[in-house]
Amino acid sequence: MIRKATYKDVEFILSNAKDVANEAMLSKDTISQEQAVQLALFTLEQNGYYLVYEINKEIAGWILLGKNIDPITNLTHAFIYELYVLPKYRNLGIAKQLLQSAIKESKLYGFNEIRLNVFANNFAKEIYNRIGFQDLQTIMYKKL
């Protein structure tokens with residue numbers, strides 16, 4: 001079952017913030033628990049919200065939705081800030097269902113587009129492509 005997160009759900013999600021952030025960045029301990037919580041709280045304070053996937057009254061995964069403004073076009077779009085499935089619930093199609101719910105909710109709120117950021121080597125990129133997400137831009141870097 002997918003539903004909006006309660007205050008208690010958000011507390012649980014935020015208790016996992018560091019692990020979620022560091023897994024998304026594909027490295028260990030790059031971000032502290034406090035930094036990860038602050039990033040999520042910033043989105044929540046800007047009217048973002050979590051949808052949770054529940055199995056037997058236990059949270060199996062979640063998605064953080066909000067809105068964002070394209071700096072070039074100045075148009076507002078829905079934005080997925082976080083998608084996470086707890087390890088013991090992976091490979092059950094939960095991420096796909098959360099993404100589909102996020103898309104449906106975004107349409108209901110009148111958005112014409114939904115975006116997300118994903119690191120180039122993140123295995124989730126394949127899931128996003130299957131749902132219909134396309135590359136929009138590439139950020140490149142060089143260590144100095």
If every non-hydrogen atom of His77 is compared with every non-hydrogen atom of Glu113, which pair is closest and at what distance?
-> CB-O, 3.5 Å

Ile2 and its side chain to side chain contact (heavy atoms under 4.5 Å, CB included) partner, picked from Ile94, Ile63, Leu98, Val52 = Leu98

What heavy-atom pair brings Glu105 and Leu51 nearest, and what distance separates the two atoms?
-> OE2-CD2, 3.9 Å

If we only count heavy atoms from C-beta on, is the Leu92 to Val85 side-chain gap below 4.5 Å?
-> no

Can you find a heavy atom in the side chain of Leu39 that is under 4.5 Å from one in the side chain of Glu82?
-> no

Heavy atoms from other residues, nucleotides or ligands near CZ of Phe42 exceed 12 (cutoff 6.0 Å) = no

Six-ring centre of Tyr84, Arg90 cation under 6.0 angstrom, axis tolerance 45° = yes

Decide yes or no on side chain to side chain contact (heavy atoms under 4.5 Å, CB included) for Ile80 and Leu65, but give the supporting numbers first.
-> CA-CA 5 Å; Ile80 297 170; Leu65 290 170; 3.8 Å; yes

What closest approach, in Å, do Tyr53 and Gln97 show between heavy atoms, and which atom pair accounts for it?
-> CE1-OE1, 3.4 Å

Apply side chain to side chain contact (heavy atoms under 4.5 Å, CB included) to the pair Leu64 and Leu44, showing each step before the final yes or no.
-> CA-CA 8 Å; Leu64 177 56; Leu44 293 170; 3.8 Å; yes

Under 3.5 Å, is there a donor-acceptor pair between the side chain of Asn47 and the main chain of Gly66?
-> no

Less than 4.5 Å apart, any side-chain heavy atom of Arg3 and any of Asp9?
-> yes

Axial cation check for Phe111 ring with Lys67, 6.0 Å and 45° limits | no

Heavy-atom distance under 4.5 Å between the side chains of Ser15 and Phe12, does that happen here?
-> yes

Please step through side chain to side chain contact (heavy atoms under 4.5 Å, CB included) for the pair Asp70 and Arg115, ending with a clear verdict.
-> CA-CA 10 Å; Asp70 185 297; Arg115 297 182 185 182; 2.8 Å; yes

Is the shortest heavy-atom distance from the side chain of Val20 to the side chain of Trp62 under 4.5 Å?
-> yes

May I ask you to check whether over 12 heavy atoms, not counting those of Glu11, lie within 6.0 Å of atom CD?
-> yes

